[in-house]
S.K.: 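Let me give you the structure first, and then I'll get to my questions.
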Amino acid sequence: MYRFFVPAEQIFDGFAEIVGDDVNHIRNVLRMENGEKVVISCGQGIDYYCIIKDVQAQCVVLDIVEETPVTTELPVKLVLFQALPKADKMELIIQKAIELGAYEVVPVRTKRSVVKLDEKKAAKKQQRWQAIAEAAAKQSGRGIVPQIHEVVSFSEALSMAKELAVGVIPYELYDDMEQTTEVLEQICDKESIGIFIGPEGGFERGEVEKAMEAGIQPISLGKRILRTETAGLAILSVLMFRIESQK
C-alpha cells in the first residue's frame, strides 16, 4: 500500500487532503483512481488508512477508514553524525540510514573531509538530501520523515551530541571487541544514541580524542577496515537489531 506524508492541517475529521507534488505522482505516475487504498501519516505517531474519494487536478481527497498507532519507529532515537564523503555517497548513506531507523542525520565537516561546500551549495545539497530522506521514509514505512541537518563542523557536532543520552565513535585503531560488546549492551535501552562516522581516511586522532573527552565512547566494527558509506550502516544495523530484540 502506498504511503504519503501529509501535514497535520490537511487531516480532518473523517477525511484528508493531499496537495503538492504528491498529487502529480498519484495522478500521472501511479495512475491511482477512486476507491484505491493508501496510508498517510503526519509524523506524529499515527497512521491513517484511507480510500481515495476524488482525484482532482490540484488535490486528492481521501476518506479516513482507520487510525492506528505507528509501529515502525524505534523506541531509541539514533542520530547519525556522518562526515562528508566524496561524490554522491551521502545520498546512499542517507537513504539506507533512514531505512535502518535513523531518527536524524547530521552531515559533518572534518579535517580529512575532501568535499568542501560553500553556503549556497550546502543549502542545495541539504534540500536534495531531505527529499531523499522523505522518499526513503515512504518506501520503508516510517512514521516520520527524519530530519537531515545542515552541514556542521566537528565541534558543533560534539555540542549537539551533548543533548543525547550516549554517543559512540567507531575507530579503526580501537580493537577491543569485548569492551565494544559491553558498550552496545549498555546503550540500547537509552533514550538516544549519537553515532560518529569519519570520512574517507577516517578521523584524525585529535578528533577522536576530543570526542572521547566529550564522553563519546570508542567502539570497534571488527578487524576489517570499512568504507565510510559502510561503517554507519553496519553499526545502525547492529543497533536496530539489538533494540528491536529488546521489545
Side-chain angles (χ1 to χ4, degrees), residues 1-80 88 90-107 123-150 191-192 233 236-237 239-241 243-247:
M1 196 179 301
Y2 291 106
R3 171 180 290 267
F4 300 94
F5 288 95
V6 176
E9 57 267 24
Q10 291 169 214
I11 300 177
F12 308 95
D13 186 14
F15 74 99
E17 295 177 345
I18 297 176
V19 298
D21 293 341
D22 282 334
V23 175
N24 178 67
H25 188 65
I26 291 170
R27 282 169 49 90
N28 301 318
V29 179
L30 301 177
R31 297 187 180 278
M32 300 186 77
E33 300 177 346
N34 295 352
E36 294 194 60
K37 298 178 181 179
V38 299
V39 180
I40 63 172
S41 173
C42 64
Q44 297 181 5
I46 300 293
D47 278 341
Y48 299 86
Y49 289 80
C50 306
I51 294 176
I52 295 177
K53 181 179 181 180
D54 189 17
V55 180
Q56 303 172 6
Q58 304 296 327
C59 176
V60 177
V61 181
L62 311 171
D63 283 332
I64 297 175
V65 177
E66 183 181 6
E67 301 178 19
T68 62
V70 171
T71 60
T72 54
E73 292 302 312
L74 294 173
V76 180
K77 295 179 180 179
L78 303 180
V79 181
L80 177 63
D88 295 328
M90 193 68 171
E91 297 186 2
L92 173 67
I93 292 168
I94 288 171
Q95 182 188 65
K96 301 309 176 185
I98 299 318
E99 291 178 22
L100 290 169
Y103 183 76
E104 295 177 2
V105 178
V106 183
K124 287 185 178 180
K125 283 286 189 180
Q126 193 271 341
Q127 292 175 2
R128 167 68 177 161
W129 293 336
Q130 189 64 59
I132 289 171
E134 181 170 348
K138 289 179 182 178
Q139 179 274 321
S140 57
R142 297 288 300 269
I144 64 167
V145 178
Q147 181 182 0
I148 312 302
H149 288 259
E150 297 179 351
E191 183 179 295
S192 54
L233 305 185
L236 281 171
S237 298
L239 290 172
M240 179 191 70
F241 180 80
I243 291 167
E244 294 198 327
S245 296
Q246 293 178 354
K247 283 186 175 182

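Side chains included, hydrogens not; waters and symmetry mates left out as well; all remaining heavy atoms used.
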S.K.: Less than 4.5 Å apart, side chain to side chain, heavy atoms only: is that true for Ile132 and Ile148?
M.R.: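 Not in contact.
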S.K.: Between Leu100 and Leu233, which heavy-atom pair has the shortest distance, and what is it?
M.R.: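 Smallest heavy-atom distance, with atoms named: CD1-O, 3.7 Å.
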S.K.: With Asn24, which residues qualify under side-chain hydrogen bond (donor to acceptor under 3.5 Å, both in side chains), at least two apart?
M.R.: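 Once residues adjacent in sequence are excluded, the partners of Asn24 under the side-chain hydrogen bond (donor to acceptor under 3.5 Å, both in side chains) criterion are Asn28.
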S.K.: Output the distance between atom CZ (Arg3) and atom OG1 (Thr72), rounded to the nearest 0.5 Å.
M.R.: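 Between atom CZ of Arg3 and atom OG1 of Thr72 there are 5.5 Å.
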S.K.: Can you name the nearest heavy-atom pair linking Ala102 to Pro146, along with the distance?
M.R.: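 Closest heavy-atom pair between Ala102 and Pro146: O-CG, 3.4 Å.
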S.K.: Using the rule given for side chain to side chain contact (heavy atoms under 4.5 Å, CB included), can you reason through Ile243 versus Leu78, listing the C-alpha separation, both sets of side-chain angles and the distance that settles it, and then say yes or no?
M.R.: CA-CA 11 Å; Ile243 291 167; Leu78 303 180; 4.0 Å; yes
S.K.: Once side-chain hydrogen bond (donor to acceptor under 3.5 Å, both in side chains) is applied, do any residues pair with Arg128, and if so which ones, sequence neighbours excluded?
M.R.: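 Scan of Arg128 (side-chain hydrogen bond (donor to acceptor under 3.5 Å, both in side chains), adjacent residues dropped) gives Glu91.
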S.K.: Does any N or O in the side chain of Glu36 come within less than 3.5 Å of the main-chain N or O of Ile52, such that one atom is a donor and the other an acceptor?
M.R.: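 No, Glu36 side chain to Ile52 backbone: no donor-acceptor pair under 3.5 Å.
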S.K.: Quick one, Ile144 and Tyr103 - any side-chain contact, counting heavy atoms below 4.5 Å?
M.R.: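 Yes; the side chains approach each other to less than 4.5 Å.
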S.K.: Quick check: are there more than 12 heavy atoms from other residues, nucleotides or ligands sitting under 6.0 Å from CD of Glu150?
M.R.: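 Not more than 12 within 6.0 Å, no.
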S.K.: For Gln130 and His149, indicate whether the former's side chain and the latter's backbone hold a donor-acceptor pair under 3.5 Å.
M.R.: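 The answer is no, because no donor-acceptor pair under 3.5 Å joins these two groups.
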S.K.: Check the surroundings of atom CZ in Phe5: do more than 12 heavy atoms from other residues, nucleotides or ligands lie under 6.0 Å from it?
M.R.: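 Result for CZ/Phe5: enclosed.
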S.K.: Going by side-chain hydrogen bond (donor to acceptor under 3.5 Å, both in side chains), name the residues that satisfy it together with Asn34, two or more places apart in sequence or in a different chain.
M.R.: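 For Asn34, no residue satisfies side-chain hydrogen bond (donor to acceptor under 3.5 Å, both in side chains) once neighbours in sequence are set aside.
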S.K.: Which heavy atom in Gly143 sits nearest to a heavy atom in Ser41, and how many Å separate them?
M.R.: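 Gly143 and Ser41 have their closest heavy atoms at O-OG, 3.0 Å.
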S.K.: CG/Leu236 to CD/Glu99 distance, rounded to the nearest 0.5 angstrom?
M.R.: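 Here the interatomic distance stands at 11.5 Å.
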S.K.: Hey, could you give me the CD1/OG1 distance between Ile46 and Thr68, rounded to the nearest 0.5 Å?
M.R.: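 So the CD1 of Ile46 and the OG1 of Thr68 are separated by 7.0 Å.
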S.K.: Quick one: closest heavy-atom pair of Cys42 and Pro7, and the distance?
M.R.: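 Answer, listing the atom of Cys42 first, then Pro7: CB-C, 4.2 Å.
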S.K.: Please lay out, stage by stage, how Val38 and Met32 fare under the test side chain to side chain contact (heavy atoms under 4.5 Å, CB included).
M.R.: CA-CA 10 Å; Val38 299; Met32 300 186 77; 3.5 Å; yes
S.K.: According to ring-ring contact (aromatic ring centres under 6.0 Å, His included), does anything in residues 18-63 pair up with another residue at least two apart or in another chain? List the pairs.
M.R.: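 Of all non-adjacent pairs touching residues 18-63, none passes ring-ring contact (aromatic ring centres under 6.0 Å, His included).
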S.K.: Taking all non-hydrogen atoms of both residues into account, name the closest pair between Ala57 and Val23 and its distance.
M.R.: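 In terms of heavy atoms, the two residues are closest at O-CG1, 3.6 Å.
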S.K.: Looking at CD1 of Ile98 and CH2 of Trp129, how far apart are the two atoms once the value is rounded to the nearest 0.5 Å?
M.R.: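 The CH2 atom of Trp129 is 13.0 Å from CD1 of Ile98, to the nearest 0.5 Å.
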S.K.: Name all pairs fulfilling the side chain to side chain donor-acceptor pair (under 3.5 Å) condition that reach into residues 138-147, sequence neighbours left out, sorted by first residue then second.
M.R.: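 Listed once each, the pairs are Asp22-Lys138, Glu73-Arg142.
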S.K.: For residues 9-20, please give each side-chain donor-acceptor pair under 3.5 Å, one per line with the distance, not counting sequence neighbours.
M.R.:
residue	atom	partner	partner atom	Å
Gln10	NE2	Glu17	O	2.9

